Chemist: 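Please read through the structure below; I'll follow up with questions.
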Amino acid sequence: MTATTAHDDHHHAAPKGISRWLTTTNHKEIGTLYLVFSLAMFLVGGAMALVIRAELFAPGLHLVNPEFFNQMTTMHALVMIFGAVMPAFVGLANWMVPLMVGAPDMALPRMNNWSFWILPFAFLILLSTLFMPSGAPASGWTLYPPLSLQGGNSFAFVIFAIHLMGISSIMGAINIIATILNMRAPGMSLLRMPMFVWNWLITAFLLIAVMPVLAGAVTMLLTDRFFGTSFFDAAGGGDPVMYQHIFWFFGHPEVYIMILPAFGIISEIIPTFSRKALFGYTSMVYATASIAFLSFIVWAHHMFTVGMPLGGALFFMYATMIIAVPTGIKVFNWVATMWRGSMTFETPMLFALGFVILFTIGGLSGVMLAIVPTDFQYHDTYFVVAHFHYVLVTGAIFAIMAAVYYWIPKWTGYMYDERLGKIHFWWSTISVNVLFFPQHYLGLAGMPRRIPDYAVQFAEFNLISSIGGFAFGFGQLLFVWIVIKCVRGGKQAEARVWDGARGLEWTVPSPAPLHTFDTPPVVTENTEHSAYLQR
Amino acid sequence: MAQGSYYVPATSKWPIIGSVGLFILVSGFAKWMNGSDLGPWMAAIGASVVIAMMFGWFADVIRESEAGMYSNQVGGSFRQGMIWFIFSEVMFFAAFFGALFYARIFAVPWIGGEGTGVMTNELLYPGYLPVWPTNGPENLGGDFKTIGAFELPMINTLILLISGVTITAAHVALKKLKRNALIFWMAATVSLGALFLCLQMFEYVHAYQDLGLTLGSGIYGSTFFMLTGFHGLHVTVGSIMLIVITLRCVRGHFEPKNHFAFEATAWYWHFVDVVWLVLFVFVYVL
Ligand SMILES: [Cu+2]
């Protein structure tokens with residue numbers, strides 16, 4: 001057995017120090033790298049958000065010049081989307097998917113290392129544009145032409161940074177799909193997979209389908225600027241609106257890439273703390289698949305005010321509104337899971353509940369935006385900003401926080417500080433609503449997004465929003481402290497950290513040893529492992 | 001299943017080398033585009049690092065494969081990886097085909113005054129007739145002629161179709177373990193790929209020198225050269241893959257039941273083939 005020998009060698013030959021992290025092929029170590037990187041980018045992107053909120057604290061130009069303000073809105077979005085949220089989910093997938101499907105590692109361990117280690121270099125390039133004479137890109141993260149083509153030297157760097165992020169995401173997604181389809185333990189049929197795994201399978205498909213489209217779109221920008229093509233120039237028969245179509249064909253599935261794994265996390269946590277099986281497992285799977293399918297045919301709802309034929313506007317409006325149906329099924333299932341459960345409210349559950357309520361608010365404001373006549377009023381106002389921050393901060397980020405509290409005892413072997421966790425939850429939940437809820441009113445009253453200054457009638461709500469922003473931002477330092485504290489020690493965690501938790505990841509010790517499931521477990525109808533469905 | 005039967009490689013230095021290489025490569029490109037003299041040198045160094053990384057990485061994989069370290073399950077992971085990689089490539093081309101269709105069906109007619117574009121046409125580009133091929137109302141890049149579909153492109157189509165047959169013949173030979181036939185058919189496939197690239201190069205020179213058709217010829221030139229150019233790039237990559245596989249065949253690699261690298265290359269070659277067929281129809285014929 002050559003294979004076995006080679007494998008055993010490897011258990012003893014791990015290098016130490018920095019080269020261990022640079023060359024590792026272990027899914028747990030790479031998962032940790034992703035999560036640490038994501039946390040760092042979360043703080044960087046958060047600092048940019050605080051610059052924005054500080055400038056908007058009062059009407060008038062106080063702190064930064066408008067050009068820099070625009071750089072901040074652009075970079076905040078790019079850093080948070082590609083640096084914080086997406087890597088966090090990939091990190092969670094790295095850590096948990098092999099443990100949840102009973103695999104020894106990710107399917108393609110070397111490529112796993114590569115998909116992570118491209119990211120720091122991509123962000124080195126992106127963040128370096130801040131120090132270029134022309135400054136960072138300032139056209140908004142969507143990089144609409146012709147404005148984006150008029151940027152300075154940073155433009156080419158941003159395009160290539162996006163290419164690197166795309167390559168990283170595609171490789172990460174390919175690895176996750178291959179792991180889920182090819183590495184499941186014997187007996188773990190598709191419909192016995194945990195919801196987190198299911199949702200990541202579909203997310204990975206979306207990633208592979210749309211990241212190349214983004215690559216194509218920004219490549220066209222690059223050639224339009226440097227090589228004389230006229231994709232987006234009407235003088236040559238092109239059309240700047242065409243960029244928006246191609247971009248949002250990527251962009252809308254992209255927002256589901258940032259929320260489907262969150263749905264998966266919530267679908268793991270709520271059954272555990274309700275001590276019941278997930279209500280409507282199969283309908284959850286179908287709902288996720290429907291949302292993924294619909295995400296490909298709704299993109300132009302971002303462009304209603306740009307202008308399109310009436311038939312197009314109607315199609316995209318109705319298609320968008322239909323998404324509320326599978327999403328509603330999910331929310332219903334979560335609530336039904338809790339119904340008559342014997343619930344407890346540890347920090348992961350608190351964040352999950354916060355998610356269900358606050359994400360639903362963000363979802364409903366999304367339905368408002370989907371309606372063409374009303375969107376003409378809301379488009380590019382703070383209402384949109386409020387909407388997508390409800391789905392991304394109290395949606396995606398809250399789910400990531402919930403996941404960290406839920407699984408960190410498995411990662412570190414120690415319990416986190418429950419008292420501090422609860423404080424973190426309540427502090428975040430209150431401040432995040434102070435931060436984003438007033439922005440609904442600002443938008444409805446007509447305050448445009450992406451401006452450094454505003455009319456005086458918007459002063460009060462902006463002031464409240466900024467106070468909430470600083471409270472929320474600095475509150476996250478508490479999260480960093482809780483994580484550090486948990487890594488350093490605490491109450492020893494058991495294998496089954498939560499008494500209501502089911503699934504293969506709770507059958508391995510805490511902390512999970514470097515190599516798990518070298519021999520795959522066998523999953524049957526009656527083993528405890530499949531109790532995920534019936535408990 | 002045996003203990004640890006899935007081969008999880010030891011640590012590898014190649015990915016981080018590849019990341020550094022990519023970093024230097026794209027930074028060099030960006031500097032180059034911004035007119036820095038350093039740019040081309042950085043790009044060249046970065047590209048060399050990436051190529052060296054690929055050599056090293058693939059050499060490791062080939063060594064492990066030849067040593068029999070890979071179970072069938074590992075092969076399954078490789079297959080999954082290749083299938084989804086090709087799917088991502090399909091979507092990359094889809095973006096450019098999308099641009100072509102959008103320009104032809106919507107953008108150009110609208111500039112020409114169709115539908116709600118009446119006033120656009122009247123105010124901005126009065127008198128512009130939206131007929132494909134076009135370089136837009138401002139005649140960007142000057143007058144040009146297009147390449148006839150049933151001249152060189154038709155020959156290229158035949159070449160690629162035949163190469164699809166020859167690589168299948170090679171596959172059959174491999175399954176029957178007829179090494180000489182295998183190498184013959186592989187060499188034939190490589191030659192056809194190279195011939196295709198030569199003709200494509202010839203066509204580009206012809207377009208630039210005789211027809212006035214350039215990358216700057218408005219939306220027609222943009223879509224024509226970006227689609228055929230990226231396709232040509234993929235044929236180049238595919239040909240390199242074919243050459244590597246041929247050399248491995250010469251060295252006696254691959255067995256009738258275990259030849260993933262061969263299959264992956266064949267899949268990739270068929271993918272390049274199919275993209276060309278779509279391209280032939282929508283770029284040259286229609
Ligand atoms: Cu959308």
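What you are looking at is a predicted structure, and each value in this text was computed from that prediction instead of being measured.
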Chemist: Taking all non-hydrogen atoms of both residues into account, name the closest pair between B:Ala95 and A:Gly216 and its distance.
Modeler: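 Closest heavy-atom pair between B:Ala95 and A:Gly216: CB-CA, 4.2 Å.
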Chemist: Is chain B contacted by the side chain of A:Pro309, its backbone, both, or neither, given a heavy-atom distance below 4.5 Å?
Modeler: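 The answer is the side chain of A:Pro309.
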Chemist: From A:Met211 CE over to B:Phe92 CZ, what is the distance, rounded to the nearest 0.5 angstrom?
Modeler: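 Reported to 0.5 Å precision, the distance equals 12.5 Å.
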Chemist: List the atom of B:Val20, the atom of A:Phe121, and the distance in Å for their closest heavy-atom pair.
Modeler: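 What the structure gives for the nearest pair is CG2-CZ, 3.7 Å.
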Chemist: Test side-chain contact (heavy atoms from CB on, under 4.5 Å) on A:Asn182 and B:Arg79 and set out the steps.
Modeler: CA-CA 10 Å; A:Asn182 192 43; B:Arg79 280 176 178 75; over 6 Å; no
Chemist: So, do B:Phe106 and A:Asp239 sit near enough that their side-chain heavy atoms are less than 4.5 Å apart?
Modeler: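 Of all side-chain heavy-atom pairs linking A:Asp239 with B:Phe106, none is under 4.5 Å.
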Chemist: Can you tell which part of A:Met183 gets under 4.5 Å to a heavy atom of chain B, answering side chain, backbone, both or neither?
Modeler: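 Both backbone and side chain.
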Chemist: What verdict does the side-chain contact (heavy atoms from CB on, under 4.5 Å) test give for A:Ile170 and B:Phe85, after you've listed the backbone C-alpha separation in whole Å, the side-chain angles of each residue and the deciding distance to 0.1 Å?
Modeler: CA-CA 8 Å; A:Ile170 290 168; B:Phe85 168 65; 5.8 Å; no
Chemist: At a heavy-atom separation under 4.5 Å, does B:Tyr125 approach chain A through its side chain, its backbone, both, or neither?
Modeler: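 Contact with chain A is through the side chain of B:Tyr125 alone.
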Chemist: Can you tell which of B:Gly141, B:Ala103, B:Gly76, B:Ser217 has the highest number of heavy-atom pairs within less than 4.5 Å of chain A?
Modeler: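 Answer, by heavy-atom pair count under 4.5 Å with chain A: B:Gly76.
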Chemist: Given heavy-atom pairs under 4.5 angstrom as the criterion, report whether the side chain, backbone, both or neither of B:Ser12 touches chain A.
Modeler: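 Its backbone and side chain both get close to chain A.
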Chemist: A:Leu119, A:Thr24, A:Leu164: which one forms the most heavy-atom pairs within less than 4.5 Å of chain B?
Modeler: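 Option with the top pair count is A:Leu164.
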Chemist: State, with a plain yes or no, whether a side-chain heavy atom of A:Arg110 is found less than 4.5 Å away from one of B:Asp60.
Modeler: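 A:Arg110 vs B:Asp60: side chains touch.
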Chemist: Show the nearest heavy-atom pair for residues A:Ile174 and B:Gly81, with the distance to one decimal.
Modeler: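 For A:Ile174 versus B:Gly81, the nearest heavy atoms are CG2-CA, 3.6 Å.
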Chemist: Quick one: what part of B:Met226 sits under 4.5 Å from any heavy atom of chain A, side chain, backbone, both or neither?
Modeler: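 Looking at B:Met226, just its side chain touches chain A.
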Chemist: How many angstroms lie between NZ in B:Lys31 and CZ in A:Phe160, if you round to the nearest 0.5 Å?
Modeler: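 Reported to 0.5 Å precision, the distance equals 13.0 Å.
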Chemist: Could you tell me whether the side chain of B:Tyr7 reaches within less than 4.5 Å of the side chain of A:Pro104, counting heavy atoms only?
Modeler: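 Counting from C-beta outward, A:Pro104 and B:Tyr7 never come under 4.5 Å.
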Chemist: Name the region of B:Trp14, side chain, backbone, both or neither, that has any atom closer than 4.5 Å to a heavy atom of chain A.
Modeler: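 The answer is neither part of B:Trp14.
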Chemist: Counting only non-hydrogen atoms closer than 4.5 Å, does A:Thr223 touch chain B with its backbone (N, CA, C, O), its side chain (CB onward), both, or neither?
Modeler: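 Just the side chain, heavy atoms under 4.5 Å.
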Chemist: Looking at every heavy atom in both B:Ala10 and A:Thr25, which two are closest together, and how far apart are they?
Modeler: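 Taking B:Ala10 first and A:Thr25 second, the nearest heavy atoms are O-CG2, 3.6 Å.
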Chemist: Using heavy-atom distances under 4.5 Å, tell me whether B:Ala99 contacts chain A through its side chain, its backbone, both, or neither.
Modeler: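 Its backbone and side chain both get close to chain A.
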Chemist: How about A:Ile125 and B:Phe23: do any of their side-chain heavy atoms sit closer than 4.5 Å?
Modeler: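 Counting from C-beta outward, A:Ile125 and B:Phe23 do come under 4.5 Å.
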Chemist: Which pair of non-hydrogen atoms, one from A:Ala107 and one from B:Ser77, has the smallest distance, and what is that distance?
Modeler: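 Looking at all heavy atoms of both residues, the shortest contact is CB-OG, 3.4 Å.
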Chemist: Measure A:His163 against the heavy atoms of chain B and call it side chain, backbone, both or neither at under 4.5 Å.
Modeler: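 For A:His163, no heavy atom lies under 4.5 Å from chain B.
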Chemist: What part of A:Asp224 gets closer than 4.5 Å to chain B, counting heavy atoms only: side chain, backbone, both or neither?
Modeler: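 Neither the backbone nor the side chain of A:Asp224 comes within 4.5 Å of chain B.
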Chemist: Flag the pair B:Trp57 / A:Trp114 as yes when their ring centroid distance falls below 6.0 Å, and as no otherwise.
Modeler: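 B:Trp57 vs A:Trp114: aromatic centres under 6.0 Å.
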Chemist: Where does A:Ile208 contact chain B at under 4.5 Å (heavy atoms): side chain, backbone, both or neither?
Modeler: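 Contact with chain B: backbone and side chain both.
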Chemist: Sort out for me which of A:Leu214, A:Val241, A:Thr23, A:Leu22 touches chain B most, counting heavy-atom pairs under 4.5 Å.
Modeler: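 Answer, by heavy-atom pair count under 4.5 Å with chain B: A:Thr23.
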Chemist: Of all the heavy-atom pairs spanning B:Pro137 and A:Ala234, show the shortest one and how long it is.
Modeler: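 That would be CD-O, 3.2 Å.
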Chemist: Could you look at B:Met82 and say if it's the side chain, the backbone, both or neither that has a heavy atom under 4.5 Å from chain A?
Modeler: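 No part of it gets close to chain A.
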Chemist: Take A:Phe157 and B:Asn34 through the test side-chain contact (heavy atoms from CB on, under 4.5 Å) and record every step on the way to the result.
Modeler: CA-CA 10 Å; A:Phe157 288 93; B:Asn34 288 329; 3.5 Å; yes
Chemist: Once rounded to the nearest 0.5 Å, what's the spacing between atom CG of B:Leu22 and atom OG of A:Ser168?
Modeler: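 The OG atom of A:Ser168 is 10.5 Å from CG of B:Leu22, to the nearest 0.5 Å.
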Chemist: Measure distances from B:Phe230 to the heavy atoms of chain A and classify the residue's part below 4.5 Å as side chain, backbone, both or neither.
Modeler: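 Side chain only.
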Chemist: With a 4.5 angstrom heavy-atom cut-off, which part of A:Ile118 approaches chain B: side chain, backbone, both or neither?
Modeler: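 Both parts, heavy atoms under 4.5 Å.
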Chemist: Top residue by heavy-atom pair count (under 4.5 Å) with chain B, among A:Trp117, A:Phe226, A:Phe205?
Modeler: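 Heavy-atom pairs under 4.5 Å are most numerous for A:Phe226.
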Chemist: Please determine, among A:Ala209, A:Ser115, A:Pro120, the option with the most heavy-atom pairs under 4.5 Å with chain B.
Modeler: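 So the answer, after comparing A:Ala209, A:Ser115, A:Pro120, is A:Ala209.
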Chemist: Enter the distance from B:Trp84:CH2 to A:Ile176:CD1 here, rounded to the nearest 0.5 Å.
Modeler: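 If we round to the nearest 0.5 Å, B:Trp84:CH2 and A:Ile176:CD1 are 13.0 Å apart.
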Chemist: Among A:Asn113, A:Val213, A:Asn153, which residue has the highest count of heavy-atom pairs closer than 4.5 Å to chain B?
Modeler: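 Of the candidates given, the most pairs with chain B belong to A:Asn153.
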Chemist: Output the option from A:Val158, A:Leu124, A:Asn175, A:Val210 having the highest count of non-hydrogen pairs under 4.5 Å with chain B.
Modeler: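 That would be A:Leu124.
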Chemist: Could you check if a side-chain atom of B:Tyr6 sits within less than 4.5 angstrom of a side-chain atom of A:Asp105, using non-hydrogen atoms only?
Modeler: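 Side chain of B:Tyr6 against side chain of A:Asp105, heavy atoms only: no contact under 4.5 Å found.
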Chemist: Under 4.5 Å from any heavy atom of chain B, what part of A:Phe249 do you find: side chain, backbone, both or neither?
Modeler: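 Only the side chain of A:Phe249 comes within 4.5 Å of chain B.
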Chemist: Calculate, to the nearest 0.5 Å, the distance between atoms CE and CG belonging to B:Met91 and A:Leu207 respectively.
Modeler: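 The distance works out to 12.0 Å.
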Chemist: I need the residue from B:Gly218, B:Gly98, B:Ala30 with the largest number of non-hydrogen atom pairs under 4.5 Å to chain A.
Modeler: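 Top count of heavy-atom pairs under 4.5 Å with chain A: B:Ala30.
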Chemist: With only heavy atoms counted, which part of B:Ile111 is less than 4.5 Å from chain A, the side chain, the backbone, both or neither?
Modeler: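 The answer is the side chain of B:Ile111.
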Chemist: Of the backbone (N, CA, C, O) and the side chain (C-beta and beyond), which part of B:Glu89 lies under 4.5 Å from a heavy atom of chain A, both, or neither?
Modeler: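 For B:Glu89, neither part sits under 4.5 Å from chain A.
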Chemist: If we only count heavy atoms from C-beta on, is the A:Phe227 to B:Met33 side-chain gap below 4.5 Å?
Modeler: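 In contact.
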Chemist: Chain B heavy atoms under 4.5 Å from A:Leu222: which part of the residue, side chain, backbone, both or neither?
Modeler: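 Side chain of A:Leu222 only, per the 4.5 Å heavy-atom cut-off to chain B.
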Chemist: Is B:Val90 in contact with chain A via its backbone, its side chain, both, or neither, using a 4.5 Å heavy-atom distance?
Modeler: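 Contact with chain A: none, neither part.
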Chemist: Taking C-beta and beyond as the side chain, do A:Thr229 and B:Phe225 meet within less than 4.5 Å on heavy atoms?
Modeler: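 A side-chain contact under 4.5 Å is absent here.
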Chemist: Quick one: pull up CG in B:Leu140 and CG in A:Asp233 and give me the separation to the nearest 0.5 Å.
Modeler: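 So the CG of B:Leu140 and the CG of A:Asp233 are separated by 6.0 Å.
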Chemist: Given a strict heavy-atom distance threshold of 4.5 Å, which part of B:Thr120 is in contact with chain A: side chain, backbone, both, or neither?
Modeler: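 Interface part for B:Thr120: neither.
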